[in-house]
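Below is one structure, written out as structure tokens; comments come after it.
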Amino acid sequence: MQEKFLKPYNPEEVERDIYELWDKSGFFNPDNLKDIDGENYCIVMPPPNANGRLHAGHGTDMTLKDILIRFNRMRGKKTLLLPGSDHAGFETQGVYEKKLQKEGRSRFGMEREQLYKEIYDFVMENKHVMENDVRRLGVSCDWSRNTFTLQEDVVSRVQDTFVKMYEDGMVYRGLRSIHWNPKFQTSLSDIETDFVEQKDPFFYFQYGPFVIGTARPETKFSDKYVVVHPDDKRYLDFKHGQQFDVEWINGPITATIIKDEAADPEMGSGAMTITPWHSAVDFEIAQRHNLAIEQIIDWNGKLLPVAEEFAGMKIGEAREKIVEKLKAKGLLVRVDEDYVHSVRVCERTGVVVEPQLKEQWFVKMKPLTDMALKTLDSGDYKFITKQHESIFRHWMSNPVDWNISRQIVWGIRIPAWFKDGQIKVSKNSPGEGWVQDPDTFDTWFSSGQWPLLTLGYPSGDDMKFYPTAVMETGADLVFKWVPRMIMFGLYLANQVPFKDIYFHGMVLDAKGKKMSKSKGNVLSPIELADEFGTDATRMSFVVANPPGANMPLSKDKVRAYKKFANKIWNIARFVIENTEEVDFTKRAELLPEDETLLVRSKELAVEVAGHIDAYRMDLAADKLYHYVWHEFADKILEESKPIFTSNDDELKLSRQRVVYELFTSSLKMLHPFMPFVTEEIWQSLPYKECELLMVARWPK
RNA sequence: GCGCGUGUAGCUCAGCUGGUUAGAGUGCUACAUUGACAUUGUAGAGGUCCCAGGUUCGAAUCCUGGCACGCGCACCA
């Protein structure tokens, strides 16, 4: 008996060496998988952002993917789990700006190249830390194919896509309403913003013969148009285009009546004034009627000279003062103090975004979403969780053109050039005097092409892995990443990049609350692995985590699976101890009752495989746990004790053989879930079919 | 406002297309055990399957309505 089995299982002593053993074997790389009887099986890992460490969500994500990969590798498929990292443009630059701030510096006024280089070095450093975290979790990905979104060939191909889209009329440059983050000085797309409910005073002002309501008086300076619904009986006397004089904030102005169905007669007085520069809806109305448009708030969130005495004030300050002034003028009708509404904020920074008009590059979404829905209807890809399919369909049916211009440095530069009001799109400068667009692409523009980029589109060898088997990711990406990959896949390669889409739940804390740094309830997968071992951590991510549901996680749960790892360890000790004298190289018949045990084990293998194929890793793991502990250990091994000490050699030998066989089968089945302890035991087995459990065959 | 989902033991969850007495883990209680086991084993307590109707020989499961919770979208003059 090897000495190590006399002590409890100690993950710390084995995990690093075992990972190295796998890595050195070369079997993470499908090109080295010999003796293959199956087809290609590929999963592309979502590129974790290269700006930080892994959290419990990543842990779940990677564990589930690794289970699928290890299982299919053992089944004889040519498996590729493709790692990479995302530059995560806006997010990373935000992280770096905080660092600058601490050092008393600012990105504003820094040379573009200098800032880029500093962030690059910062990210490269973090990238290695993050990649080591991935190794700690036992993820069997092919590091030789590791991809970063800002490596040269990726950048070049992302720019190719843009050029192609421009030539195909799929992108356009236009002055449109965008979401502006005044603190970080960049525009954002819809999906990078959230709504936060908030209570504000709501003001009603006398505006000539009308009473108009607003929560944002500071935008109202140049509101020269009153919009009413064409059917609103109260305003039938007013004609469209009719003008009248109004005493307003800074004196008398001339107002014009606009009749448009956008006005809701149910809402307040049914009359509203509009601020096209700072409202997407108002901008649409203005465009329909060809109305004058004027900017009121500048890019820093301060009022412009049009506000006269209020010019240069910040929004909050100006709001109060303007209300005071209107009140003094007798134009304040009433105030509703309890007005609850939702304000759009930047998802990353929480900064309230200001709608602004800006010339940006937009992707035409309608043709892409139509294509995506059509192929979904025809069954080219499917959602494992029906509720997500509904959400996806709903979202795809109401597409909004996608703003892909970002006013940040950390990203892929848009290959567009300007000269005297002309635009040219090309990767290289069209000639003298042309100035390149300073903007970079929205990060989702590159990560949306991730499966294509990592597999070498358009002509790389690895395109044989395209389309990949499954996209397994967090439900929060149902609008962000997944639709974009589907659309780019269809647009560029005529094929959706994966067959199945499977959303796992968010990992919550023990009380069912969202984990967040500010709440201090974050469980790091690495710290859990330090305390309980990676195998236990992996199991706790999987069990009771069905597709599409959120999962609370507590240390107690991880501790339970640490005990399980130790149980397996002791089973190994017992089995090896009691079968040492058996010569397994010689074949022999089993007694009928032992044959029955073998049949039961094979049935389990089929059942577990079925669960994994149906993406019910939670059920598969639970079944295995129950079998190994309460059937194999509690019943079979207990029954075997008297047999092992008996003098009936036939009975004894048959039982020794079957116990050994059942144990090795169990190790195989457990391996995708708990790779370290099973491989470590496998390495100590006196008789085995192959050197590495990782590439052993799944029991048939 | 529109849409999606969830509700089963103290806690976390299984329970597929209806079919005996509703299950597991964890927690709790009692007893046993130095053993392959920094423990483990055996046993036990613990349930109005959210509520109300309906379909059915039979409902945790299917249908309708309600309640509670979670999430998404939209509006936000």
Side-chain angles (χ1 to χ4, degrees), chain A residues 1 5-10 190-191 194-195 197-198 200 202-205 207 210-217 219-220 223 226-228 262-264 266-275 279-282 285 339-344 385-395 397-398 400 475-476 478-479 505-506 508 510-514 539-540 543-546 548-554 556-578 610-611 614 616 618-619 621-623 625-626 629-630 633-635 637-638 640-641 644:
Chain A
M1 174 52 51
F5 284 112
L6 302 178
K7 293 183 296 176
Y9 175 58
N10 185 354
D190 290 48
I191 59 165
D194 272 334
F195 289 99
E197 205 161 82
Q198 154 177 328
D200 282 311
F202 191 82
F203 307 96
Y204 291 91
F205 298 116
Y207 185 86
F210 299 94
V211 173
I212 57 148
T214 183
R216 300 201 58 189
T219 63
K220 295 285 160 199
D223 283 15
V226 189
V227 182
V228 296
D264 180 359
E266 304 290 314
M267 194 91 170
S269 64
M272 63 175 177
T273 60
I274 57 168
T275 313
S279 157
V281 175
D282 291 1
I285 296 171
Y339 174 63
V340 178
H341 63 145
S342 302
V343 182
R344 207 187 265 269
T385 38
K386 288 295 162 211
Q387 74 259 34
H388 291 117
E389 179 177 336
S390 312
I391 295 173
F392 176 83
R393 281 183 182 280
H394 183 250
W395 194 78
S397 306
N398 303 289
V400 177
D476 50 330
V478 63
F479 305 120
M506 304 275 286
L508 309 172
K511 288 173 193 148
K513 297 269 178 253
K514 235 181 193 173
M539 278 298 270
S540 67
V543 179
N545 188 10
N550 292 341
M551 181 191 68
L553 181 67
S554 67
D556 282 342
K557 188 176 176 187
V558 193
R559 196 172 291 121
Y561 292 106
K562 181 191 167 143
K563 287 183 187 172
F564 183 50
N566 196 51
K567 185 76 182 179
I568 299 168
W569 190 249
N570 280 294
I571 292 170
R573 173 181 171 179
F574 181 82
V575 171
I576 295 171
E577 220 166 46
N578 284 285
H611 282 316
R616 292 305 303 266
D618 58 319
L619 297 181
D622 201 49
K623 277 273 184 295
Y625 176 91
H626 198 256
W629 200 318
H630 300 299
D634 288 353
K635 297 209 173 76
L637 292 187
E638 288 303 323
S640 303
K641 283 179 183 174
F644 288 155

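Every chain is numbered from 1, with letters handed out A, B, ... down the list of sequences.
Using Watson-Crick or G-U wobble geometry with both donor-acceptor distances under 3.5 Å, B:C71 finds its partner in B:G3. Nucleotide B:G25 forms a Watson-Crick or G-U wobble pair with B:C11, both donor-acceptor distances falling under 3.5 Å. Taking a pair to require two hydrogen-bonding distances under 3.5 Å in either a Watson-Crick or a G-U wobble arrangement, B:U40 pairs with B:A32. Remark: B:G58 base-pairs with no nucleotide in the shown strands. Criterion, Watson-Crick or G-U wobble with two distances under 3.5 Å. Taking a pair to require two hydrogen-bonding distances under 3.5 Å in either a Watson-Crick or a G-U wobble arrangement, B:G65 pairs with B:C51.
When rounded to the nearest whole Å, the span between CD1 of A:I191 and C1' of B:G72 equals 14 Å. Note: NE2 (A:H341) to P (B:A74) measures 17 Å, nearest angstrom. Note: NZ (A:K635) to C1' (B:G41) measures 12 Å, nearest angstrom. Protein atom CZ of A:F5 is 11 Å distant from nucleotide atom C1' of B:A36, rounded to whole Å. Counting to the nearest Å, the P atom of B:U26 and the CZ atom of A:F564 are 11 Å from each other. Going from atom NZ of A:K641 over to atom C1' of B:A36 covers 7 Å, rounded to whole Å. Going from atom CG of A:D634 over to atom C1' of B:A43 covers 14 Å, rounded to whole Å. Rounded to whole Å, the distance from CG on A:N570 to P on B:A36 is 10 Å.
Within 4.0 Å (heavy atoms only), A:L619 reaches sugar-phosphate atoms of the nucleic acid but no base atom. If you check every strand for non-hydrogen atoms under 4.0 Å, A:A262 touches a base. Note on A:I212: nothing from the nucleic acid sits closer than 4.0 angstrom, heavy atoms only. Looking at heavy-atom distances under 4.0 Å, A:V281 makes contact with sugar-phosphate atoms alone, never a base. A:K557 comes within 4.0 angstrom of no nucleic acid atom, judged by non-hydrogen atoms across all strands. Across all strands shown, A:A633 has heavy atoms under 4.0 Å from base atoms, whether or not it also approaches the sugar-phosphate. Among the atoms of the strands shown, none is found under 4.0 Å from any heavy atom of A:D618.
In this structure, the nucleotide among B:U40, B:C75, B:A38 sitting nearest to the side chain of A:F195 is B:C75. Listed nucleotides B:C75, B:G41, B:U40 differ in distance to A:H630; the shortest reach to its side chain belongs to B:G41. With distances taken from any side-chain atom of A:W629 to the nucleotides B:U40, B:G15, B:A36, the minimum falls on B:U40. In the set B:A24, B:A36, B:G41, B:A24 carries the atom at the smallest distance from any side-chain atom of A:H626. The side chain of A:P8 has B:A38 as its nearest neighbour among B:A38, B:A36, B:A24. Listed candidates were B:G15, B:C75, B:A36. Nearest to the side chain of A:S342 is B:C75.
If A:R344 and A:A560 are placed on RNA chain B by their nearest nucleotide, the residue sitting closer to the 5' end is A:A560. Comparing A:D190 and A:G270 along RNA chain B, the residue whose closest nucleotide (by nearest heavy atom) sits nearer the 5' end is A:D190.
No side-chain heavy atom of A:E577 sits under 4.5 Å from any side-chain heavy atom of A:F644.
For the pair A:G270 and A:A263, the tightest heavy-atom approach, listed with the atom from each and the gap, is O-CB, 4.1 Å. In terms of heavy-atom proximity, A:T219 sits nearest to A:T275 at O-CG2, 3.4 Å.
To the nearest whole angstrom, the two P atoms, one in B:G18 and one in B:U56, are 15 Å apart. Distance check on atom C1': B:G15 versus B:C31 gives 32 Å, rounded to whole Å. Nucleotides B:U21 and B:U17 place their C1' atoms 24 Å apart, quoted to the nearest Å. Across the P atoms, B:U12 and B:G70 are found 14 Å apart, a figure rounded to whole Å. Distance noted for atom P between B:A60 and B:G23: 13 Å (whole Å). One C1' atom belongs to B:U26, the other to B:A9, and the distance between them is 11 Å to the nearest Å. Separating the P atom of B:G5 from that of B:C62 is a span of 12 Å, rounded to the nearest Å. Nucleotides B:G27 and B:A22, compared at atom P, are 25 Å apart to the nearest Å.
Its glycosidic angle being within 90° of 0, B:A38 falls on the syn side.
Under the rule for a salt bridge (charged side-chain N to carboxylate O under 4.0 Å, His left out), the partners of A:R616 that lie at least two apart in sequence or sit in another chain are A:D618.
Ring planes of A:H630 and A:H626: tilted class, angle from 30 to 60°.
For B:G15, the OP1/OP2 oxygens have a side-chain nitrogen or oxygen of A:R616 closer than 4.0 Å. A sub-4.0 Å separation between OP1 or OP2 of B:U26 and a side-chain N or O of A:Y625 is present.
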Quick one: do A:R573 and A:L6 satisfy side chain to side chain contact (heavy atoms under 4.5 Å, CB included)? Show the steps, please.
CA-CA 8 Å; A:R573 173 181 171 179; A:L6 302 178; 3.6 Å; yes
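Between the side chain of A:K7 and the base of B:A38 there is no donor-acceptor pair of N/O atoms closer than 3.5 Å.
For the atom pair A:F210 CZ and A:T273 OG1, the distance stands at 11.0 Å (nearest 0.5 Å).
Within the structure, side chain to side chain donor-acceptor pair (under 3.5 Å) contacts touching residues 560-570 of chain A (residues at least two apart or in different chains) do not occur.
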